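Single-structure report; data block below.
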Amino acid sequence: MSEPLIFTQSRSGRSAAGQYPHEAAARVPEKLRRKKPAALPEVSELQAVRHFTRLSQLNFSIDTHFYPLGSCTMKYNPRACNQFAMLPEFLGRHPLAPDAVSQGFLECMFELQEMLKEVTGMKGVSLTPMAGAQGEFAGVAMIRAYHRARGDLERNEIIVPDAAHGTNPATATMCGCVVIEIPSLSNGDIDVDALKQSLGPKTAGIMLTNPSTLGVFERRIQEVAKLVHEAGGLLYYDGANLNAILGKVRPGDMGFDVIHMNLHKTFSTPHGGGGPGSGAVGVGQRLLPFMPIPVVARQENGYRWLDERDVPQTIGRLSAFMGNAGVLLRAYIYMLMLGRPGMQRVAEYAALNANYLLARLRAAGFDAAYPQRRASHEFIITVKRQAKELGVNAMDFAKRLLDFGFHAPTTYFPLLVPECLLIEPTETEAKQDLDGFVEAMIAIQREAEQEPQKLKGAPHTLPVRRLDDVRAAKQLDLAYVEAV
Amino acid sequence: MSEPLIFTQSRSGRSAAGQYPHEAAARVPEKLRRKKPAALPEVSELQAVRHFTRLSQLNFSIDTHFYPLGSCTMKYNPRACNQFAMLPEFLGRHPLAPDAVSQGFLECMFELQEMLKEVTGMKGVSLTPMAGAQGEFAGVAMIRAYHRARGDLERNEIIVPDAAHGTNPATATMCGCVVIEIPSLSNGDIDVDALKQSLGPKTAGIMLTNPSTLGVFERRIQEVAKLVHEAGGLLYYDGANLNAILGKVRPGDMGFDVIHMNLHKTFSTPHGGGGPGSGAVGVGQRLLPFMPIPVVARQENGYRWLDERDVPQTIGRLSAFMGNAGVLLRAYIYMLMLGRPGMQRVAEYAALNANYLLARLRAAGFDAAYPQRRASHEFIITVKRQAKELGVNAMDFAKRLLDFGFHAPTTYFPLLVPECLLIEPTETEAKQDLDGFVEAMIAIQREAEQEPQKLKGAPHTLPVRRLDDVRAAKQLDLAYVEAV
Amino acid sequence: MPFIPHTEDDVREMLAAIGAPNIDALFEEIPAALRTRELTGIPDALTEMEVGRLMRSRARKDGTPINFIGAGAYEHHIPAAVWAIVTRGEFYSAYTPYQAEASQGTLQLLYEYQTMMTRLTGMQVSNASLYDGASALAEAALMSVRAHRRSKSARILVPASVNPTYLSVARAITEGQNVKFDVLPYASSSGTFDPGSLSAFEGQDITAVVIQHPNFFGLFEDVDAITDWAHANGSLVIAVVNPLSLAILKPPGEWGSKGVDIVVGEGQPLGVPLSSGGPYFGFMTARMEHVRQMPGRIIGRTVDLDGKPGFTLTLQAREQHIRRSKATSNICTNQGLLVTAATIYMSLLGSKGLERVAAASQTQTDKLIAALTRIDGVKLAFTGPRFHEAVLRLNKPVKPVLAALAERGIVGGYDLSNHYPELGHALLVCATEMRTDGEIEEYANALREVTSDG
Amino acid sequence: MPFIPHTEDDVREMLAAIGAPNIDALFEEIPAALRTRELTGIPDALTEMEVGRLMRSRARKDGTPINFIGAGAYEHHIPAAVWAIVTRGEFYSAYTPYQAEASQGTLQLLYEYQTMMTRLTGMQVSNASLYDGASALAEAALMSVRAHRRSKSARILVPASVNPTYLSVARAITEGQNVKFDVLPYASSSGTFDPGSLSAFEGQDITAVVIQHPNFFGLFEDVDAITDWAHANGSLVIAVVNPLSLAILKPPGEWGSKGVDIVVGEGQPLGVPLSSGGPYFGFMTARMEHVRQMPGRIIGRTVDLDGKPGFTLTLQAREQHIRRSKATSNICTNQGLLVTAATIYMSLLGSKGLERVAAASQTQTDKLIAALTRIDGVKLAFTGPRFHEAVLRLNKPVKPVLAALAERGIVGGYDLSNHYPELGHALLVCATEMRTDGEIEEYANALREVTSDG
Ligand SMILES: Cc1ncc(COP(=O)(O)O)c(C=O)c1O
Ligand SMILES: Cc1ncc(COP(=O)(O)O)c(C=O)c1O
């Protein structure tokens, strides 16, 4: 299965004529006028529909495959969220429409803020960040603004564990901070001694995710919080992994000052093949004055957006309007459908699935990276041994899994575990599917022992076989050029 | 690719609990109560979504493949038709809602009736038949009612050419008529002499499709009409093939008294893997009093349905309400988007595509069934020669085409042409795709000559290989039974 | 040219390959006198944007009144997933699965549907759909005539508590084949059919007896007694049922001592929106012994060349495209897409979900009746056990009442006075799980106003 | 348990395999003191039916007023096919295409998107999206600082005719890295930026100059002169454009004698609904020489083991997951699904379609302005050539006027008085191809009423 580029299907003069106005001529001064039309595809409506429908079929997705991509929380995206978020009134609402014709939407946003406060244990929530990384940005920017507002101008160091997601250090840099990396212990916990040594008068804060991306819960979190706070720093919670603890423990209660949430993970909005997401931030008392705007407030005469006049110390705006509203609506709808009991179940069954899958894989002879620990909602298998003994690596396992109809786990992240597969089944997968995954892993292990080239050459049954990434980066081909 | 039956994914106690009311208990007298729940699947929402999404991917469809299934007019089904027919007000309207809250819908139906009158040249249209065959039923029933109303009680013979679609004779039988089959000439026209011999005092009417399912236009249609009318019979037009002549010639002008239209063909409503369709009927003056009800009328105070009180001689109702309203809306929307010029283009480009494909296939050495004739919107290739010389038949060509990514043409229909492929490209396919089809046919012909087992074993790349139809009919397995 | 992909170059090259001077030449076999000049009655083309605007304005005219009619079409919650999947191009834009290998998605789904319907109705075989519930009854009548080899009468007994439109449709469709329907009165006290009244037909050649349960008034019939009488009399039994009700009611396959012979009904309650009456789908299940008399498509499981299981259309020798004038029915195109919806719906709801929906509908109807009959001049006509519909008697003609309610945004029920003049000012009302207590109250308030006027 | 597939048996077997007594034991590593007791602030679960009812009632509150605001988000016709395909599960529910072989659909689409955007903007490379237009400007500013090796100032000139919110966002995002934006006034007579005023900066170390065209007032800027001045001064040029306008306007790649360096903008006009401001997508294209400084994902075409072409994420060494604190940006999740919409939109419209849409929008805006300025007390602020927005000056404060219009179902425009107090009672209005002549008249009548009151 493969599909030619749409450009090769284009023919001059063809069009989907029902899609644009009958007649219209633009008036543009000669020197500003476009002379040659942009060479966009010229195809019929059927050709476009067929092309993109066929392209879609080349993808794995939650709706078609088990997708245990660690740290990405690929769980079921309820179709109802999409349907109700796309009601014509919501789709048609202009972001700058007056409050009088926006109360329905604003009420949803306000209630979403309130629910997110409740589940995180924070004091305020801003929905504006457009993805996790922007939520992180908002968080670190608030930490900086906090220190600055106190005249504490030297604090520009952000401590980040080596297991952290790449966005954490990248964000710190973007905020003009210096990144101090600290190691993890072999049991997966933070090296608290190293932390102590890193803390000091320049400490702005620490970015943690707990459970960490190693798939284990940071047990000494209260001690960490105390240490950082005593050093004058603040604690940032990377809430991409909130799925692990939803309803079980709240970042606010653990001592965090600020958190971002990946609504496109924990709150099950779709990832759309790359996005959109939403990285709503929650803050404790200290950071309330600095929240990114706009934020919805409920007032006597209805709901309205707070802006720079209401939040004068705000770190400012992060998007042209108010973030990914449609994603927020989906998260809101999802939360309403979960409700209180459902919210609690998320972490329970996510942990059950992860621990079960871990137990079965271990029983099948695979090595856990942290065998002494409970898995959180995800866990790490390392195939270091197989790499050494059989010459097949994590990538080979990953690619071969595709042939078995399973999306691969996250590979080579976190960077500190060699040949790792970070596996996150999520709570919406059935035991049968986990069992199927285990069987596939066992079959692949057997192949690795008996015919390792099966793995090396994998995938064999997908639209393409393994791609040459080196060539992609060296002989850059980033846009199609017609042969002449 | 294959997908297990949903029943094998079911587990007792599992459910998509958000889909039904929290609590509710039925009150049913003991002896009427269901004792054991029906063993429907017990799956999660994700499992259902994944299962049916994966099943869908096992299909060929217009949205994914060229689908030149003769007599079926598989052309692009505009997405707009679906979107606008599914506006919440239309979906939510109860069929028995009072006229006061139905004017928008009724206006659409009325205008659809008017447009169908215009394109067919008929005097009245009833939208109620739910598919072509039911339209045929309505037509023949009206013909019978007409004769009966005139006291002409002996007329119960319906003449049907041998090339006719199976629904024609089946319909005649269903109406209690006797079927008189007449042959076609070797040039594809009706054998007018045979017709003359069949006509008589028992003749109720004749069912024709023009162009016929042989893909050629019946040139002596005026003479046929005259003969049948003179004999006291009426003419029925099977409008499944209206795509061939839309805007070029009107059944009413050819002398037909009644016509059904397959809106799911000519007017591009989707076929949905089997249906629904709509077989709206148009009638000339003589049959107006007998139309199936309901029919929409425009009156001073708005639109309303006419019923048995308004049309006392009606053949009656054919559906519980008023037919496949949603299909009708789609056809209406489609017609609005085509408009007058677009309506004319349908037949022009359908004929262009058919004649081009025919010309290219002939140039490539394939045999046309009617080489002396223009193709209409479809045409017949016969592989009789290949069957004799190479031992590969029409079915083998058809199955092998699937491997090339093309849906097969209609095979073994019309029955009178041996080893036939009835090919209907439709006007919405691009020249490139027709060219691709020709290349595939050439390649298959080459295979037939060099490695005929490639054809015999085809398809090779689909979810299943050739299925054992004989076994299916002998060892009936029509519903799943769990292994115990 | 909307939907036409041809460029000028394409047309030129194609005509050259054909050897025709222009497109018009392709129509040269059509006698010139017949050629259409202009379709003056057809308006100019609208763009998609313009059509959208027009359709939205039409839709707005009709609005979204609160609906309390059933009478054969019921407003139930439809999970968002259902139509999101149904409208996927691969289901939506495929034809009837003639090429089985390229249609395994549709075919497997239909096989799963057949399985579900046999389980729901307690029968052995199901076809892949008929047009709607009414025409399904007509087909069942014809099928019973074919299936009942010993009966020569083509005479079918039908209680008047069967949906009267179904009866009209069955008459219209079977009339050419001389099927005769004898309509038997329901008991005016109970609104149900009294099996005792069948004794008048004892020993007569009756091909089949039709039982609708719950009947058109929403009431439960004495299905066991009727079924047993029919079988004892050598007649077949045709059940007409609401598939949703079967989540709580004994399936027709268990009625009486040996179960009915044919079951038909309207599939709409299973995931199909009201949409002005269609497209819906008729279902039909039956005993295995009658399978060769069934109308419509049937899917069978078989194996491919490699022995791998697969699905295909089977028993096609019953059908028009093979058997032509001797087919079991003329049906060809059926209602496949709606069956797709129903199959997904049943999978999502499961029998527990269907049971809850049925029970909640019954509960809300009880509340509705309680609320409405509290109004002076509104009485419940029949008090027996019922599903989710009921007949009310008003103190004034129903039609103007319904018109006044419509003005208040309420579609208040179905006026029975045409079909059942003997019931007086009778109104058939319905509530499903979709109707909230608040809406029921709103209806009661409106009806109180409307019936007390003047 | 909505969305949880586990049966009791499953749970029992799974716990046994784990060796845990109950699910709670899986959380034993969480200090007991921290364990959440109850989420009292979260309401009980609603069923899908109930949520649907709630959301429809919320939506109804907001209604569907007629919209005359643009200001960065534009209401255009979106072909039905676009979102029917975008919401297919395979696009909707896939992750970022890390496993290229299992994501060729998304990857090829993104490659096609990149190609289209380079062609539309006249540049050589495109990334696969940023969050939105405003944050894209921030990223462009940071990119220009990295790309301009010789400039040390991180100083960027921005005319005040640039969208003021974009400027706020750019400031908020780049502030930590000490980027300085110098805002230069627009000419109060024309509403556009006078290139002559750049001479004051001649010879200074300016990293980049930003040009928005059409500018925030809808007016055309003198892009050639500004571009050439910047390049002559050794500065880079960042263009902020409406992608739709590029169907009729000279692409930034051709501005001045050598074209701009970076192009960014809001992709929303290309098939993305207004939906309260997002999700939209920011686009960015640039000269090939800057590709390694680009933020965001980039897709490349390569070959597989068999030499067959395929697509993959490339130049990942720029990104956070590889380069961590030294990445070009922290962006990870982007706006892929919206790019999917835009790619389908551009394929359906083609450049001819885009041109028609742009032209029709311009035409309707002309009509709107003609209609509104016929009203006493309503004046056009700037008369130069424009695209599809314009600034009106009213004779009274804008906010109450907009409130009064909203009551009449009209969203009348964007109040400029906060950002541009110097313009007085200024209102930014917009019409696209979606606004009919009738709606424009309706607006004019309403505005006449509202402005003449009192
Ligand atoms: C642990 C963690 N932190 C942060 C992020 C960044 O979130 P986003 O991709 O939404 O920017 C991710 C997701 O990739 C993540 O897994
Ligand atoms: C020529 C012809 N007549 C009649 C029919 C019957 O139409 P339907 O399938 O809608 O009942 C068809 C379609 O199959 C047909 O092609």
Side-chain angles (χ1 to χ4, degrees), chain A residues 20-21 24 26 37-38 40-41 48 55-56 58-63 80 84 87 89 91 95 98 100 104 118 130-131 133 166 169-171 173 175-176 179 217 249 270 272-277 316 320-321 324-326 339-340 351 355-356 359 430-431 462-465 467 472 477 479-480, chain D residues 5 10 14 18 26 29 34 41-42 44-45 48 55 58-59 61-62 88-90 92-94 96 101-102 104-106 115 118-120 131 134 172 176 248 273 275-279 300-302 304-305 310 312 314 320-321 324-325 327 330 333-337 347 351 353 356 359-360 406:
Chain A
Y20 48 77
L40 298 181
L55 277 190
S56 78
L58 306 183
N59 273 0
F60 278 32
S61 66
I62 310 176
D63 279 9
F84 303 141
L87 289 172
E89 294 88 345
L91 287 190
E118 175 74 13
M130 291 177 285
T171 295
T173 303
C175 288
V179 176
F217 191 84
V249 51
F321 301 106
N324 284 335
R340 197 183 322 111
N355 281 284
Y356 172 70
K431 175 172 176 295
L462 270 75
V464 289
R465 293 187 61 207
L467 290 164
D477 176 353
Y480 180 66
Chain D
D10 287 341
M14 293 170 85
I18 296 168
L26 304 176
E29 294 189 1
L34 292 179
I42 306 294
D44 258 338
E48 185 179 307
M55 295 307 288
R58 294 272 166 86
K61 272 191 200 169
D62 295 350
R88 284 173 59 84
E90 300 94 320
Y92 187 76
S93 76
T96 299
E101 297 84 358
Q104 286 295 300
T106 289
T115 304
T118 56
R119 292 175 180 195
L120 201 56
Y131 300 133
I248 56 174
S275 51
S276 290
R301 184 161 63 158
T302 181
D304 75 359
L305 276 181
T312 188
T314 195
Q320 46 73 29
H321 61 291
R324 302 179 69 85
S325 66
N330 69 342
T333 290
N334 57 26
Q335 306 284 120
L337 199 66
S347 302
S351 55
R356 288 273 186 91

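First the proteins, then the strands, lettered A, B, ... as listed; each starts at 1. It should be emphasised that the depicted structure is a prediction, and the values quoted were computed from it without experimental measurement.
Both the backbone and the side chain of D/S347 come within less than 4.5 Å of a heavy atom of chain A. In this structure, the portions of A/P21 lying under 4.5 Å from any heavy atom of chain D include both its backbone and its side chain. At a 4.5 Å heavy-atom cutoff, the contact between A/V464 and chain D is made by backbone and side-chain atoms alike. Within the 4.5 angstrom heavy-atom criterion, only side-chain atoms of D/T314, from C-beta onward, approach chain A.
With contacts defined as side-chain heavy-atom distances shorter than 4.5 Å, the pair D/Q104/A/L467 qualifies. Side-chain contact between D/D44 and A/R340 is present, with heavy atoms from C-beta onward closer than 4.5 Å.
Chain A forms more heavy-atom pairs under 4.5 Å with one residue of D/S276, D/G336, D/S325, D/A134 than with any other, namely D/S276. The candidate from D/G310, D/G176, D/A172 with the greatest count of non-hydrogen atom pairs under 4.5 Å with chain A is D/G176. Note on D/T312, D/I18, D/T118: by heavy-atom pairs under 4.5 Å with chain A, the leading option is D/I18. Per-residue counts of heavy-atom pairs under 4.5 Å with chain A were compared for D/A359, D/A406, D/G300, D/A360; the largest is that of D/A359.
Closest heavy-atom contact between A/N324 and D/P279: OD1-CA, 3.1 Å. The heavy-atom pair separating D/Q335 from A/M130 by the smallest distance is OE1-O, 3.9 Å. Considering every non-hydrogen atom in both D/G89 and A/D63, the closest pair reads CA-OD2, 3.2 Å. Between A/L87 and D/A59, the shortest heavy-atom distance links the atoms CD1-CB, 4.0 Å. The shortest heavy-atom contact between A/F60 and D/A94 is O-CB, 3.5 Å. A/A131 and D/Y131 get closest at one heavy-atom pair: CB-CE2, 3.5 Å.
Every side chain to side chain contact (heavy atoms under 4.5 Å, CB included) that A/L91 has, sequence neighbours left out, goes to A/M86, D/P273, D/S275. Judged as a side-chain hydrogen bond (donor to acceptor under 3.5 Å, both in side chains), and not counting sequence neighbours, the contacts of A/N59 are D/T106.
A distance-only check finds no donor-acceptor pair linking the side chain of D/S351 to the backbone of A/L40 [under 3.5 Å]. Looking only at distances, no side-chain donor or acceptor of D/N330 sits under 3.5 Å from a matching main-chain atom of A/A170. For the pair A/E89 (side chain) and D/K61 (backbone), a donor-acceptor distance under 3.5 Å is absent. Side-chain atoms of D/T333 never come within 3.5 Å of backbone atoms of A/G275 as a donor-acceptor pair (strictly under, hydrogens ignored). Side-chain atoms of D/T115 come within 3.5 Å of backbone atoms of A/Y480 as a donor-acceptor pair (strictly under, hydrogens ignored).
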